[in-house]
J.: 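Just dropping this structure here.
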Amino acid sequence: MSDFYLSTAAEVEEVLAEDGQPITVIKKAQGGTYNPATGKVTGGTPVKYTCNGMVYDFGIKDIDGTLIKVGDKKIMMSAVGVTVPPEVDDAITFGTSKCVIKSVNALDPAGIVVYYDIQARGV
């Protein structure tokens with residue numbers, strides 16, 4: 001069964017590479033030092049990677065003004081080659097747009113991620 005989902009992920013990647021655009025995820029700095037006095041982490045190295053995806057506008061029926069706002073983007077992002085999954089509050093760029101991830105769901109039958117479904121909001 002895992003071979004089926006691995007080949008499905010490869011097919012999704014092929015379509016997104018052909019018809020989509022580059023999507024860059026910028027994760028917050030990893031491996032920094034926590035300062036208990038300030039409650040903040042300093043230092044560390046941000047993780048940045050680029051993969052393929054498609055960007056859509058949400059339909060008017062999906063916009064509730066609270067969870068999904070006008071201008072939010074729905075992104076279908078390939079999972080091929082992604083070793084650190086995208087998370088809420090990671091930055092994401094495509095074209096000239098820079099956004100923050102508000103929600104992310106992985107389509108992962110049998111524990112194999114085929115693609116990520118992301119909601120992003122401009123900054």
Side-chain angles (χ1 to χ4, degrees):
M1 187 60 86
S2 64
D3 288 343
F4 172 76
Y5 292 117
L6 288 171
S7 67
T8 302
E11 289 174 22
V12 168
E13 164 62 18
E14 186 177 321
V15 170
L16 294 176
E18 191 172 306
D19 298 328
Q21 62 181 308
I23 305 287
T24 301
V25 175
I26 305 157
K27 300 187 74 54
K28 294 184 183 211
Q30 306 290 311
T33 304
Y34 176 73
N35 181 336
T38 63
K40 296 185 180 191
V41 176
T42 56
T45 305
V47 175
K48 179 178 179 179
Y49 58 87
T50 301
C51 52
N52 294 303
M54 288 186 179
V55 180
Y56 303 91
D57 290 322
F58 278 93
I60 194 73
K61 65 178 178 50
D62 297 320
I63 299 170
D64 65 4
T66 303
L67 295 176
I68 301 174
K69 297 184 178 185
V70 172
D72 283 3
K73 300 296 183 187
K74 184 174 185 171
I75 301 167
M76 179 181 183
M77 188 181 91
S78 174
V80 172
V82 174
T83 57
V84 183
E87 298 175 306
V88 171
D89 292 332
D90 287 347
I92 190 165
T93 63
F94 48 91
T96 59
S97 298
K98 183 172 182 179
C99 299
V100 173
I101 295 176
K102 292 297 179 181
S103 71
V104 60
N105 293 300
L107 176 66
D108 59 350
I112 296 169
V113 180
V114 175
Y115 69 86
Y116 294 98
D117 186 23
I118 297 171
Q119 174 195 357
R121 185 167 296 147
V123 291

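Computation of the quantities below employed the complete heavy-atom set of this structure, encompassing side-chain atoms and omitting hydrogens, waters and symmetry-equivalent molecules.
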J.: For Asp90, what residues pass the side-chain hydrogen bond (donor to acceptor under 3.5 Å, both in side chains) criterion, not counting sequence neighbours?
T.: Lys27

J.: Please walk me through it: do Ile23 and Ile75 pass side chain to side chain contact (heavy atoms under 4.5 Å, CB included)?
T.: CA-CA 9 Å; Ile23 305 287; Ile75 301 167; 4.2 Å; yes

J.: Taking all non-hydrogen atoms of both residues, which atom of Ser78 and which atom of Tyr116 are closest, and how far apart?
T.: O-CD1, 4.1 Å

J.: Counting C-beta onward and ignoring hydrogens, is there a side-chain heavy-atom pair between Val114 and Glu11 closer than 4.5 Å?
T.: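 Not in contact.
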
J.: Would you say Pro109 and Leu107 make side-chain contact, with heavy atoms under 4.5 Å?
T.: yes

J.: Ile68 and Asp64: which non-hydrogen atoms are nearest, and at how many Å?
T.: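 Here Ile68 and Asp64 meet closest at N-OD1, 2.9 Å.
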
J.: Please give me the minimum heavy-atom distance between Phe58 and Asp72, naming the atom from each residue.
T.: CD1-O, 3.5 Å

J.: Might you point out which heavy atoms bring Ala9 and Val113 nearest each other, and give the distance in Å?
T.: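 So the minimum-distance heavy-atom pair works out to CB-O, 4.0 Å.
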
J.: Tell me whether Phe94 shares a hydrophobic cluster with Val25, the cluster being built from Ile, Leu, Val, Met, Phe, Trp, Tyr side chains joined at under 4.5 Å.
T.: yes

J.: Under a 4.5 Å side-chain heavy-atom rule over Ile, Leu, Val, Met, Phe, Trp and Tyr, are Val12 and Val80 clustered together?
T.: no

J.: Tell me, do Asp117 and Lys74 make a side-chain contact under 4.5 Å, heavy atoms counted?
T.: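 Touching, per the 4.5 Å side-chain cut-off.
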
J.: Should Ile92 and Pro86 count as side-chain neighbours, where that means a heavy-atom distance under 4.5 Å?
T.: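 No; the side chains remain at least 4.5 Å from each other.
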
J.: Give me the atom names and distance for the closest heavy-atom approach of Leu67 to Arg121.
T.: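 Minimum heavy-atom contact is O-NH2, 3.1 Å.
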
J.: Please check: side-chain N/O of Tyr49 versus main-chain N/O of Thr83, any donor-acceptor pairing under 3.5 Å?
T.: no

J.: With rounding to the nearest 0.5 angstrom, report the CD1 to OG1 distance, Ile26 to Thr24.
T.: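 Taking CD1 in Ile26 and OG1 in Thr24, the distance rounds to 6.5 Å.
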
J.: Would you tell me whether Gln21 and Asn52 have side-chain atoms, one donor and one acceptor, within less than 3.5 Å of each other?
T.: no

J.: Is Val55 reachable from Ile101 through a run of I, L, V, M, F, W or Y residues, each pair having side-chain heavy atoms under 4.5 Å apart?
T.: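 Linked, Ile101 and Val55 end up in one cluster.
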
J.: With a 4.5 Å limit on heavy-atom distance, are the side chains of Val15 and Met54 in contact?
T.: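 A side-chain contact exists here, since the closest heavy-atom pair is under 4.5 Å.
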
J.: Hey, could you give me the OH/SG distance between Tyr115 and Cys51, rounded to the nearest 0.5 Å?
T.: 14.5 Å

J.: Given 3.5 Å as the limit, does a donor-acceptor pair link the side chain of Ser97 with the main chain of Thr93, or not?
T.: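 Judged by distance alone, no pair lies under 3.5 Å.
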
J.: Going by salt bridge (Lys or Arg N to Asp or Glu O under 4.0 Å), name the residues that satisfy it together with Asp57, two or more places apart in sequence or in a different chain.
T.: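 Residues passing salt bridge (Lys or Arg N to Asp or Glu O under 4.0 Å) with Asp57: Lys73.
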
J.: Got a sec, which pairs hit side chain to side chain donor-acceptor pair (under 3.5 Å) with one end in residues 102-114, sequence neighbours left out?
T.: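 For residues 102-114: Ser103-Gln119.
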
